[in-house]
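Encoded as structure tokens, the structure appears first; notes follow it.
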Amino acid sequence: MFFCQNCGYQSPKWLGKCPACGEWNQFVEEKMTKTDSRNPFDIHFNGSPLSIEAIELNDKERIKIEIDEVDRVLGGGIVRGSSILVGGDPGIGKSTLLLQVLQSLAQKGLKVLYVSGEESARQIKLRGIRIGASSKNLFVYIEISLEAILKQIEEVKPEVVVVDSIQTVYSSNLSSAPGSVGQVRESSEQLILLSKKTGIPIFLIGHVTKDGAIAGPKVLEHMVDAVLYFQGDSGHAFRIVRGVKNRYGPTNEIGVFEMRENGLSPVSNPSALFISERPAGSAGSVVVPSIEGTRPILVEIQSLVSETSFGMPRRTSIGVDHNRVSLLAAVLDKICGLHLVNHDIFINVAGGVRLNEPAIDLGIVSSIVSSFLGRSIDVGTVVCGEVGLTGEVRGVGHMEARIKESAKMGFNRCIIPKTISDNVLPETKMTLIKVSDLNELIDHLF
Ligand code: TYD
Ligand code: MG
């Protein structure tokens, strides 16, 4: 069989372009052996149906890691029997973070196992010295054979396992190479099954492809209980771990870390961090209170609008959706009469954060207008709201949390949508200005 290495699509003959995901040149032949066609009914959990009332829970269902930022992303700790996929660019800090997680658990007296197929025991020891990981409860096992790993997990009976990385694990039942779709699927299936059977939570580290998806079959993301992605580029010291899927907690929750000499250190007040380098009084910069998961974080959006020197105007954005920027620029052009068609627009979210909620629209618009006019926005002002195609400003959720966070960080004026009703607004010393469309927004800002 030929497998698409990008999405796992199967085909009996080689294809140039994958009909499922549209990628080119991804098909690789993998031999299918008899053992691969296992009877799925061989596997069962030996249970019988239970009334939902009769299912018992105990407070030991979650294991707290005691690293707040990781616990938060997981929704309050690791759930027993769950499998968690951790993805991110090479060198961003996946191995470091998980070794720190295991060290923290080992310190609490839990027996934990770090399986690595990427580094030697001495390399792991060296990293351990940097981050202060040394405990008799933290076991390191260098192995790539799936069968050996499964056997050791059952023998050692650790309370948490990390497999670094799933692409190196290799089952002798399949003849294809480690890292191929077949191998990745088989290994994860077996590891997840073992984790469900024994209740041992398991972290799988996954490599990402050049466009940021976890390498290997897309189904991997469906098989596991939670998916965490590392964001931020290795040029910055900040690392953001975002939960993109979580069966046992909120999604889109983020944990913020700073890469230091001695590993990743949690940043407990990200708002202060992301707006700390804000150039006061410069045109094109504005702060928005954005909701990441369950908490508000203040971030700075910057724009640079300059005349196009030739040809098509460019719309470049880092940290916000490119299409959203084009759309908002078109609205500004049509509704507010800003002549943006012959201007390049560059947008950047400071600190390497990625924002994807509509509530930041007002921030994008304000910073574009500010740069276009060359006039700065008052440093004590934050803006928040969604913008519609007719230039109307629409309501967004979590207004109370956004306003409280802005007040806490010392802002004194907040521009919000008119449609927000007064009873969701908190008592605050801030001046709240309600606007119903973009022209009103511009009147208040400049
Ligand atoms: P690593 O965890 O090996 O990344 P991944 O497993 O995602 O590939 O992180 C390696 C990077 O982190 C490397 O560039 C060095 C840096 N680093 C520090 O800055 N401080 C530290 O204490 C450690 C352990 C790593
Ligand atoms: Mg690594």
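Ligands are counted one by one from 1 in listed order, and the atoms in each one are counted from 1 as well.
The shortest heavy-atom contact between Gly255 and Val73 is N-CG2, 3.3 Å. Scanning all heavy atoms of the two residues, the minimum distance from Arg315 to Leu340 falls at NH2-O, 3.2 Å.
Contact atoms of ligand 1 toward Asn262: 22 (O) (distance under 4.0 Å to a heavy atom of the residue). Near Arg260, meaning under 4.0 Å from any of its heavy atoms, are these atoms of ligand 1: 18 (C), 19 (O), 20 (N), 21 (C), 22 (O).
Residues passing the ring pair (Phe, Tyr, Trp, His ring centres under 6.0 Å) test with Tyr9: none are found, sequence neighbours excluded.
Contact annotation: for Pro90 versus ligand 1, heavy atoms closer than 4.0 Å belong to the backbone alone. Proximity of Arg127 to ligand 1, defined as any heavy-atom pair under 4.0 Å, is confined to the side chain (atoms from C-beta onward).
Classification of Lys245 and Glu221 as a salt-bridged pair fails, no side-chain N sitting under 4.0 Å from a carboxylate O. Salt-bridge formation is not detected for the pair Glu118/Arg127: no Lys NZ or Arg NE/NH1/NH2 atom is positioned less than 4.0 Å from an Asp or Glu carboxylate oxygen. Ion pairing between a basic and an acidic side chain is recognised when a charged N comes within 4.0 Å of a carboxylate O; Arg295 and Glu405 show no such pairing.
The protein non-hydrogen atom at the shortest distance from atom 25 (C) of ligand 1 is Arg130 NH1, 3.8 Å. The protein heavy-atom contact nearest to atom 19 (O) of ligand 1 is Met259 CG, 3.3 Å. For atom 13 (C) of ligand 1, the closest heavy atom belonging to the protein is Gly91 O, 4.4 Å.
Between the side chain of Arg72 and the backbone N or O of Thr294 there is no donor-acceptor pair closer than 3.5 Å.
The shortest N or O to N or O distance between Thr96 and ligand 1 is under 3.5 Å.
Looking at Gln10 and Glu30, their side chains never bring a donor and an acceptor atom within 3.5 Å of each other. No hydrogens or angles considered: a donor-acceptor pair under 3.5 Å links the side chains of Ser367 and Ser303. Side-chain polar atoms of Asp344 and Thr308 form a donor-acceptor pair below 3.5 angstrom.
Note on the Mg ion (ligand 2): protein N, O or S atoms under 2.8 Å away count 1, no waters included.
Of all the listed residues (Gly263, Gly93, Ser95), Gly93 holds the heavy atom that lies closest to atom 4 (O) of ligand 1.
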